[in-house]
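Counting starts at 1 for both ligands and their atoms, in listed order. None of these values were measured; they are calculated from a predicted model.
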Amino acid sequence: MRLLVTGGAGYIGSICSAVALAAGHRVAIFDNLGHGHKAAVPAGAELVEGDLLDEGSLRDAVGAGFDAVLHFAALIVVPESVARPERYYRNNVVGTLNLVDALRQAGVRRLVFSSTAAVYGEPESVPIPESAPTRPASPYGNSKLAVDRLLADECAAHGLAAASLRYFNVGGALHGLGEDHRPETHLIPNVLAVAAGRAEAVELFGTDYDTPDGTCVRDYVHIEDLAAAHFLALEALEAGRHDVYNLGSGSGYSVLEVIETARRVTGRPLPVQERPRRPGDAPRLVASSQAIASALGWQPRHDLEAIIGDAWSWMQEHPNGYSD
Ligand code: UFG
C-alpha cells in the first residue's frame, strides 16, 4: 500500500512507519517537525515537511495519491492542554478536519487515527471497555474525543473507512527508534533518565491514591504490539464504518511497580522523591482490549519488563536522544 503517515517523525508515528516499510508498504511522512525529529524518519520513507493547519501544503501532500492514512500528528501534553486549550482544539481538531477534507477531495478513503484512553477520564471501574462513558478530564482528551466523533460522522455521511485506536500507556523501542519527547513527561523515560544518570531522582506524583500501594495504576503496552494493531485495523477497515478499539495489555501496574521493575532491568538503585499529585491523573486506567482481540485476533506479546528493557537499550544507544 501507499501510506501517508502524519506525525511520522514522532515516537509512535516513526516506529509505525518503520514497521510499514518492513512489511513492504511505501511511506510518505507529513510532519511539521514541531516536536518530531528528522533523525527519527526511517530510511526509505519520504519526508514532506508541512503542517495540518496549512491547507494548501496538506492538499498537495494528500493529492500525491495514497491508499490510506495513518494519522498520529497531535499535541499530547495534558497539563499544557489545560493551560492553553485553544492550541489543542486548533492542532488536534481543526488539523484533523483539514486532513479529512483533503482526503475527501483527493478520494483517499481509509484512515487509522491515534486516539487515547484519556477520552474515558476517570472510569467507574476497570478494565475499561469501549462502551464505557467518555468523560475526558482535560482539553487534550476532549480534543481526541472530538476527532473520534468527527470520524464517526464522516464515515456515516461520506463512506470514509476509519478506525480510532485508543492507546493506554505506550512504551519500548523498535527498529532503532525510541521515545524522545522534549520536555519528557512520561513515566518510563523519566525513570530511565535517572538510571542513565541524567536526573537525580524519580519524581513520584502522588502516594495517597485509593490503590493498593497509593500510587497510580496504568496499563503499559509495547510499541511493537501497538504498531501491529494499526495494520490489523487498517486491513479490516470498511467503507462507512468507524471502528473503535482500546489498546492495552489488560494488566495494571502502579508507579512504584514500574520503578521496581526498572530497578531490576537496569540494576540501578533509582532513588525516589515523593511529590504531590499531578493534576488530572486518574487513579487507575486499565484497558479491556477484548474487542480488538475478538474482532481482529490482536494479542499483546510483550510484558512490562520487555517494554522497560527495550526502552533502556534504546536510551543507552542514544544517551542524548535524537541528534535533530
Ligand atoms: N509519573 C510520575 N513521575 C513522572 C512521570 C509520571 O510519577 O516523572 C506518574 C504519573 O503521575 C502517572 C503515571 O506515572 O500516575 C503515568 O504517567 P505518564 O505521564 O507516563 O502517562 P499518563 O497515564 O499520564 O498519560 C498517558 C499519555 C497521555 C494519555 C494518557 C491516557 O501520555 O497522552 O496516557 O491515555 F492521555
Of the backbone atoms (N, CA, C, O) and the side-chain heavy atoms from C-beta on, which set of Val202 has a member under 4.0 Å from an atom of ligand 1: side chain, backbone, both, or neither? neither
Heavy-atom distances under 4.0 Å decide this one: backbone, side chain, both or neither, for Tyr140 against ligand 1? side chain
Short N-O contact, [X] and [Y], less than 4.0 angstrom:
X: Glu46; Y: Arg26; result: no
X: Arg264; Y: Glu305; result: yes
X: Arg284; Y: Asp210; result: no
X: Glu124; Y: Arg135; result: yes
X: Lys38; Y: Asp31; result: no

Establish, yes or no, whether a centroid distance under 6.0 Å links the rings of Phe72 and His230. yes
Centroid separation under 6.0 Å, is that true for the rings of Tyr11 and His35? no
Aromatic plane relationship, [Y] with [X] - under 30° parallel, 30 to 60° tilted, over 60° perpendicular:
X: Tyr220; Y: Tyr253; result: tilted
X: His25; Y: Phe231; result: parallel
X: His318; Y: Tyr322; result: tilted

Would you mind listing which atoms of ligand 1 come within a distance below 4.0 Å of any non-hydrogen atom of [X]?
X: Val255; value: 7 (O), 9 (C), 13 (C), 14 (O), 15 (O)
X: Ile76; value: 33 (O)
X: Tyr167; value: 35 (O)
X: Thr116; value: 29 (C), 31 (C), 35 (O), 36 (F)
X: Asp281; value: 10 (C), 11 (O), 12 (C), 15 (O), 24 (O)
X: Leu204; value: 7 (O)
X: Cys216; value: 15 (O)
X: Glu203; value: 2 (C), 3 (N), 4 (C), 7 (O), 8 (O)

Could you check [atom] against the protein and tell me its nearest heavy-atom contact, residue, atom and distance included?
atom: atom 16 (C) of ligand 1; value: Arg218 CG, 3.9 Å
atom: atom 19 (O) of ligand 1; value: Arg278 NH2, 3.0 Å
atom: atom 8 (O) of ligand 1; value: Asn190 ND2, 3.1 Å
atom: atom 22 (P) of ligand 1; value: Asn169 ND2, 3.5 Å
atom: atom 7 (O) of ligand 1; value: Phe205 N, 3.0 Å

Counting only nitrogen or oxygen atoms and a 3.5 angstrom limit, does [X] reach ligand 1?
X: His186; result: yes
X: Leu187; result: yes
X: Ile188; result: no

Can any side-chain N or O of Glu184 pair as donor or acceptor with the backbone N or O of His181 at less than 3.5 Å? yes
Options Leu256, Leu285, Thr185, ranked by nearest heavy atom to atom 5 (C) of ligand 1, top entry: Thr185
Is it the case that over 12 heavy atoms from other parts of the model lie below 6.0 angstrom from the CD atom of Glu86? yes
